[in-house]
Student: 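So that we are looking at the same thing, I have put the structure below in structure tokens.
When reading the values below, keep in mind they use all heavy atoms of this one structure, side chains included, and skip hydrogens, waters and symmetry mates. In this text the structure is predicted, and so the values were computed from the model without any measurement.
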Amino acid sequence: MAAATAIARAAPAARGTVRTAIPTATNRLPPPTPNHLIALREEHRLTELDSGVRVVTESMDSVRSAALGFWIGTGSGFEDADRAGLSHLLEHMLFRGSARYESLEIDQIFDGMGAEINAGTGKETTSVYSRVLDIHLERAFDVMADMVWRPRITDEDLAQEREIVLEEIAMYEDDPQDRVFDVLGEAVFGEHPLGRAIIGTREVVAGTPAAELRAFHGGRYTAQNVVVAAAGAVDHDRIVELVSATIGDPAPVGAPPAPLALPGTAQARRRFFAKETEQYHVALGAPGLARDDDRRFALRILDTVLGGTSSSRLFQEVREQRGLAYSVYSFTGSYAGTGQIGLYLGTRPDNVQTAMKVVGTELDKLLADGVTAEELDRSKENVKGRVVLALESTTARMNRLGSSVLADMPVLTVDEVVDRIDAVTLDDVAGLARELYAPERLSAAGIGGDESVFRGALEAVSPTLAEAA
């Protein structure tokens, strides 16, 4: 089950995506009345069952498909070193079979419906999701619910699946364009779980027995820690009935895992992994904004101007004007209590120093002068367009519902999102740039053949970081 570790830039992968930018749950809703119906917005309906499971749906009359997802509040950010990678390993095991369905049977059922079933693990969430024709929704739900609530985790199945995950780890360690983001995570967050690879470590994957993984499932896949989300040709009341009937009696209960305390003061670090590669892969980053920070809309504008589009400053100056890289972009991620900002480029050894000098110049200009009115207007329209166009997809709507409710975040209407984007000012963006991209905050990660080349290239961005031990 594949991995995609570049924050907010990863394309959909094969079953078992490892992702890093999906929010998860921390603060819980107050105790509800039985099956209390909560009105989020007129196009959404949210019901919290007696068990604690939350069901959120959005009906779309113009489609014949339905996107369905189970969102679970567990990910690598909730794992100590001895459990690093268990959320991802468990996600794999969901597909090994359940109480009522064999592994092959699961694949055959979804193939027979012309649908796909997939799953992904992030820093703070795991999700299992599918998109099916409306006539197959109840069948899909039945299979997915059995996988989530009653996975078959045997020693024999785990022995086979752990070999697949070990191969996955090896695959990503061979891919420097992905691995550099894990190296950057270590630089930005240090020993905190947010700084570790979602995919986990060989030691934990190879050494965890089935009994321990079953206990891990029992502690994480609890009713209070699960959101069922659906969008498209769906009936809310019927989804609630299905959830009530399939969760089991008694429902799995228990408090959601608490996130580990964040480090008090951000410390800029330099990390390098020596590997003979055709290119040097370089990433700069720092702590960003928490997912509930109201400035997140200004950050989307800033990211778009800096490196989020083909007309962005980094793309134009590094790639289009000078031909110094094929891939160059900025990115953001948000979590509970913190976030991450950064940029990436891959370039040949002879170009590393020149490319990083251009990056340093662009960052200096951004901090000194902010962005122009033209850039602000263009980026606003770009962000609004991406938001609205994405919501034409039932899967995108389901993802928005599930991730927001699991994180106890409001599900904003399109008009509310557009209003908040339009409200961003030049001063908002400039202030955020000076705060987040100050050179003394930036950590650096690199993969390539010679660390001295990497260190020398950092001089143009942060001489202190280049000289650090």
Student: I'd like to know whether Glu435 forms a salt bridge (charged side-chain N to carboxylate O under 4.0 Å, His left out) with Arg295, so could you lay out the CA-CA distance, the side-chain angles of the two residues, the decisive distance to 0.1 Å, and finally the verdict.
Tutor: CA-CA 12 Å; Glu435 176 184 341; Arg295 297 174 296 168; 2.7 Å; yes
Student: Can you confirm whether more than 12 heavy atoms, excluding those of Arg131, are under 6.0 Å from its CZ atom?
Tutor: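 No, not enclosed.
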Student: Please identify which of these residues, Lys380, Glu375, Arg378, Arg386, meets the side-chain hydrogen bond (donor to acceptor under 3.5 Å, both in side chains) condition with Thr304.
Tutor: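 Going through the options one by one, the only one that passes is Arg386.
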Student: Would you say Tyr344 and Ser327 make side-chain contact, with heavy atoms under 4.5 Å?
Tutor: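 Answer yes - side chains close enough.
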Student: Look only at the side chain of Glu186 and the backbone of Arg196, and say whether a donor-acceptor pair between them is shorter than 3.5 Å.
Tutor: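 Here the side-chain-to-backbone pair does not exist.
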Student: Count the heavy atoms belonging to other residues, nucleotides or ligands that lie under 6.0 Å from CD of Glu320, then report whether that count exceeds 12.
Tutor: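 Yes, CD of Glu320 has more than 12 neighbouring heavy atoms, counting only those of other groups under 6.0 Å.
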Student: Strictly by modelled atom types, are Thr354 and Asn351 linked by a side-chain donor-acceptor pair under 3.5 Å?
Tutor: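 No, no side-chain donor-acceptor contact under 3.5 Å.
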Student: Using the rule side chain to side chain contact (heavy atoms under 4.5 Å, CB included), only one of Asp303, Leu442, Leu299 pairs with Leu436; which is it?
Tutor: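 Per the side chain to side chain contact (heavy atoms under 4.5 Å, CB included) rule, the option paired with Leu436 is Leu299, out of Asp303, Leu442, Leu299.
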Student: For Arg455 and Ala466, indicate whether the former's side chain and the latter's backbone hold a donor-acceptor pair under 3.5 Å.
Tutor: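 Yes, Arg455 side chain to Ala466 backbone: donor-acceptor pair under 3.5 Å.
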Student: More than 12 heavy atoms of other residues, nucleotides or ligands under 6.0 Å from CZ of Arg348: is that the case?
Tutor: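 Count not over threshold, so no.
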Student: Might you point out which heavy atoms bring Pro193 and Gly77 nearest each other, and give the distance in Å?
Tutor: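 Residues Pro193 and Gly77, closest heavy atoms: CB-O, 3.7 Å.
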Student: More than 12 foreign heavy atoms under 6.0 Å from NZ of Lys357: is that the case here?
Tutor: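 Counting neighbours around NZ of Lys357, 12 or fewer heavy atoms of other residues, nucleotides or ligands fall under 6.0 Å, so no.
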Student: Arg220: which residues meet the side chain to side chain donor-acceptor pair (under 3.5 Å) condition with it, sequence neighbours left out?
Tutor: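 Arg220 satisfies side chain to side chain donor-acceptor pair (under 3.5 Å) with Thr74 only.
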Student: Compute whether any side-chain donor of one residue and acceptor of the other, for Thr126 and Glu91, lie under 3.5 angstrom apart.
Tutor: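 Side-chain D/A pair, Thr126 to Glu91: absent.
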Student: Which atom pair, heavy atoms only, marks the closest approach of Val328 to Ala325?
Tutor: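 Minimum heavy-atom contact is CB-CB, 4.5 Å.
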Student: Below 30° counts as parallel, above 60° as perpendicular, anything between as tilted: where do the rings of Phe181 and Phe331 land?
Tutor: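 Taking Phe331 first and then Phe181, their aromatic rings stand perpendicular (interplane angle over 60°).
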Student: Looking at Glu416 and Thr413, would you say the former's side chain and the latter's main chain have a donor-acceptor pair under 3.5 Å?
Tutor: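 Judged by distance alone, yes, a pair lies under 3.5 Å.
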Student: Has Glu374 got more than 12 heavy atoms of other residues, nucleotides or ligands less than 6.0 Å from its CD?
Tutor: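 Not buried by this count: 12 neighbours or fewer within 6.0 Å.
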Student: Cation-pi between Arg83 and Phe216: NZ/CZ under 6.0 Å from ring centre and within 45° of the ring axis?
Tutor: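 Because its charged atom misses either the 6.0 Å distance or the 45° angle limit, Arg83 does not stack over Phe216.
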Student: I'd like to check Tyr129 versus Leu68 (side-chain heavy atoms, cut-off strictly below 4.5 Å). Are they in contact?
Tutor: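 A side-chain contact under 4.5 Å is absent here.
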Student: Examine distances only and state if a side-chain atom of Ser130 and a backbone atom of Glu116 form a donor-acceptor pair shorter than 3.5 Å.
Tutor: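 Yes.
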Student: Heavy atoms, side chains only, cut-off 4.5 Å: are Leu401 and His44 in contact?
Tutor: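 The answer is yes, as the side chains (C-beta and beyond) meet within the 4.5 Å cut-off.
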Student: If you look at every heavy atom in Glu440 and Ala268, which pair is closest and at what distance?
Tutor: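 Between these two residues, the closest heavy atoms are O-CB, 3.6 Å.
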Student: We want to know whether His88 and Ser76 form a side-chain donor-acceptor pair, criterion being a heavy-atom distance below 3.5 angstrom.
Tutor: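 Absent: no donor and acceptor within the cut-off.
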Student: Just do the side chain to side chain donor-acceptor pair (under 3.5 Å) check on Asp450 and Ser452 with the steps written out, would you?
Tutor: CA-CA 5 Å; Asp450 186 348; Ser452 65; 2.7 Å; yes
Student: Are Glu317 and Lys365 close enough, and set up right, to give a salt bridge (charged side-chain N to carboxylate O under 4.0 Å, His left out), and what steps lead you there?
Tutor: CA-CA 12 Å; Glu317 294 298 325; Lys365 288 167 56 179; 5.4 Å; no
Student: Within the side chain of Asn382, is there an N or O that forms a donor-acceptor pair under 3.5 Å with the backbone of Ser379?
Tutor: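 No, Asn382 side chain to Ser379 backbone: no donor-acceptor pair under 3.5 Å.
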Student: For Ile117 and Met144, work out which heavy atoms get closest and say how close.
Tutor: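 Taking every non-hydrogen atom into account, CD1-CG, 3.6 Å.
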Student: Quick check: closest heavy atoms across Gln340 and Leu184, and the distance to 0.1 Å?
Tutor: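 Closest approach of Gln340 to Leu184, heavy atoms only: NE2-CD2, 3.5 Å.
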Student: Tell me if a side-chain donor or acceptor on Arg54 pairs with a main-chain N or O of Val405 at a distance below 3.5 Å.
Tutor: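 Pair found, side chain donor or acceptor close to backbone of Val405.
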Student: Should we say atom CD of Gln321 is surrounded by more than 12 heavy atoms from elsewhere, each under 6.0 Å from it?
Tutor: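 Counting other residues, nucleotides and ligands, CD of Gln321 exceeds 12 neighbours.
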Student: Heavy atoms, side chains only, cut-off 4.5 Å: are Ser330 and Val305 in contact?
Tutor: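 They are not in side-chain contact.
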Student: Which atom names give the shortest non-hydrogen contact between Gly339 and Phe189, and what distance separates them?
Tutor: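 Looking at all heavy atoms of both residues, the closest pair is O-CZ, 3.4 Å.
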Student: Regarding Arg179 and the six-membered ring of Phe273, is the cationic atom NZ or CZ under 6.0 Å from the ring centre and inside 45° of its axis?
Tutor: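 Ring-cation test returns yes.
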Student: Considering residues, nucleotides and ligands other than Glu191, do more than 12 of their heavy atoms fall under 6.0 Å from its CD?
Tutor: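 Atom CD in Glu191 is not packed in, count stays at 12 or less.
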Student: Does Glu173 CD have over 12 foreign heavy atoms under 6.0 Å away?
Tutor: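 For Glu173, atom CD is crowded (more than 12 foreign heavy atoms under 6.0 Å).
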Student: Does a donor on one side chain and an acceptor on the other come within less than 3.5 Å for Ser87 and Glu79?
Tutor: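 Yes, side-chain donor-acceptor contact under 3.5 Å.
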Student: Quick check: do Val461 and Met356 have side-chain heavy atoms less than 4.5 Å from each other?
Tutor: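 Yes, at least one pair of side-chain atoms sits under 4.5 Å.
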